[in-house]
Amino acid sequence: MGVIEATGRWVRFRIEEAGRAGRFLEEAARALAAGRTWFPNATLQMRRLGVDSLPIGLLIAIFTGIVLALLASYSFTGAVPLYFVGTLVEKTITLELAPVLTGLALAGRVGANIAAELGTRRVTEQVDALETLAYDPDAYLVVPRVIAGTIMFPLIVGLAMIVGLGAGWLASLGFLHLSSEEFLKGARLFFGAFDIEYGLVKSASFGLAVTLIGCYKGLRARGGAEGVGNAATGAVVYSAVMILVLDAFWAMTWLHGRS
Amino acid sequence: MIKWVDVYKGFGDKKVLEGFTLDVHEGEAVVIIGYSGSGKSVAIKHVVGLLEPDRGTIEVDDKDVPTLPRKELYELRAHIGYVFQFAALFDSMTIGDNVAMGLRKRPEMSESDIQQRVSEALELVDLPDVQQRYPAELSGGMRKRVGIARAVALRPKYILYDEPTTGLDPVTSAVIDELMIRMREKLGVTSVVITHDMRSAYRVGSRIAMLYEGRVRQVGTVDEIQQSKDPIVRQFIEGRATLEGGETASAAATASAAAVTPARGGRA
C-alpha cells in the first residue's frame, strides 16, 4: 500500500468517524425527548457514576490541597507574605486543580466503566435485544448516563474544592505554622464567586464529554473481549484528551476574557 | 406475512446477502439453514430493522421495514419476538424483570397485569420458579428458555429464533424444539427459525430454506428438502465433509444451480 493510499484511507476513516460521532450526538439529543424512558435510569446512574466516585475525587482533593500549600510556601521563599498560601490554594484548587484532576480521575473511572458496560452489552446483543423490545438504546442507555455525568461531575468537584481547601488549610496550620486567620485572609483576598462558577461549569462540560465519549465508544464496540477492552481504553484516552482541550477552551474563551 | 425481496447486504468488502428472497406465510414455521457465516442472522435482523439492506426490500404485513419512521418501527417491533442466539438477557436484571422489560413499554398494562403475564410466560417455558434469579445463575438451556419467555410474553404475531439450540445437549435441544412447536400450536405464532441442527429443523419446520452464497438455494417442505437432488443441500443436510463424488462445493453449486427448482417464495 502506497503512502498516498494509506493517507487517503486514514483521512476517509477520520471523516467517517466524525460523521458517525455527529450522528450519535444528534440521536442522543433527539432521545432527550423520551423522558419516560430515561428518567427512571438517571437517578440510578447518578449514584453509580457520581456517589460511588466520591471517594476517589475527595482523596485526590486532600492530597492536592496538602501539596499545594507546601509548594506555595516553598515557592514564596520569604519574598511573598506566607498568608498568600491561602490565596494560591484557593485559586488553583477552585479554578483548575479540582476540576481537572477530578475530571481526569473520573475519566478513568466513569469513562472506562461506561464504555466497558455498554461495550459488553453491545457484543452480547443486549443492545439489539433492547431495540427488539421497542426501547430506544439512546434514551435508555446514553441519556441517563450523560445527564448523570453532567450533574454529578460538578457536585463531586464542588465537594473536592471544599475538601482540597480544607486540606490546604490544615497543612498550612500543621506544616507551615500559619494561623487560621492568616490562611483565611489569603484565601479571601482575591476570592470571587466567579472562581467557583468557572470551576463548576468547566467540570459540567467534562462530565458531558466523558460520558458521551464513554457511551459512543461502548456502543461502537465490536468483536468480543478485545473489542470491549479497546472501547474502554479508547474512552479513557479520548476523555483525558478532551478534558485538556476543554480546559484550554474555557481558559481562552471565558477566563481570558475577564482578565 | 414476512417477505424478503432481492435483499443485498454487505459489510465492507464482504458480501453476505446477494439477492435473498423468501416469503414466510402466517402460521408457518420456516427454518433457514445454512453454513456458519452464510448470513442467516443477518437476514432475520433485517426483519426488525436492526440492519438496513444495501438493496432490496423487507416487508412485514405489507410494511416496508427499512423505510418505516422510528415510531412505526417500534410499533412493528412490539408484534415481533426475537430470541437471540445467546439469549441476550440483561445481566443486571432479575429473570422476572427481563421478561417484563418489553411489557413495561406498554402504558395500558398495570404492574399486576405485567406480573401475571411474566408468570404465564415463564410457566410456558417450564421455568416457574426463577423470577428472582439472575441470568448468571442459570444454565445455557435455561437462559435460552427465558429468552423465549421474554419474546412470548409480548404475545407477538411473529417470533424469530436465532439458533435456539446451538451449543445445547440433545435433550435440552429437544426441549427447546418442543417449546417452539408449542408456541406455534398453542399461540398460533408465525416463526422463522435459524439453525444448523437438521434434527431440530425437521422437527419444528413446516418449510425449510437453505441459504447459500447469499441467496436461497432451495426452499421446500421437510419432505422436499429431505429428498432434494441438489448436491449442496444434500451435503449440508447429511452433514458430509465433501459432496457426493468428492466434488468441491463451489463446482457443484455452479453445475447444479440451473437444475434446482425453487419452491414458494424462494429462488435458486
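As a basis for the values below, the full set of heavy atoms in this structure was taken, side chains included, without hydrogen atoms, waters or symmetry mates. Naming convention: chains lettered A, B, ... in sequence-line order (proteins, then strands); numbering from 1 in each chain.
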| N/O donor-acceptor pair under 3.5 Å between B:Lys3 side chain and B:His25 backbone | no
| said: Any carboxylate oxygen within less than 4.0 angstrom of a Lys/Arg side-chain nitrogen, looking at B:Glu52 and B:Lys45? | reply: no
| query | Taking the inter-plane angle between the rings of A:Tyr135 and A:Tyr140 on a 0 to 90° scale, is it parallel (under 30°), tilted (30 to 60°) or perpendicular (over 60°)? | reply | perpendicular
| said: Heavy-atom cut-off 4.5 Å, strictly under: side chain, backbone, both or neither for B:Arg70 against chain A? | reply: side chain
| query | Checking heavy atoms, do the side chain of A:Thr132, its backbone, both or neither come under 4.5 Å from chain B? | reply | both
| field | Flag, side chain of B:Arg77 to backbone of B:Val48, donor-acceptor distance under 3.5 Å | value | yes
| query | Which bit of B:Leu89 comes within less than 4.5 Å of chain A, counting heavy atoms only: side chain, backbone, both or neither? | reply | backbone
| task | Return the option, out of B:Gly102, B:Gly147, B:Gly81, B:Ala88, with the maximum number of heavy-atom pairs under 4.5 Å with chain A. | result | B:Ala88
| request: Sort out for me which of B:Asp91, B:Leu103, B:Ile80, B:Leu160 touches chain A most, counting heavy-atom pairs under 4.5 Å. | output: B:Asp91
| Region of B:Leu50 in contact with chain A, defined by heavy-atom distances below 4.5 Å | side chain
| Passes side chain to side chain donor-acceptor pair (under 3.5 Å), B:Asp113 versus B:Ser110? Steps please. | CA-CA 5 Å; B:Asp113 292 342; B:Ser110 68; 3.2 Å; yes
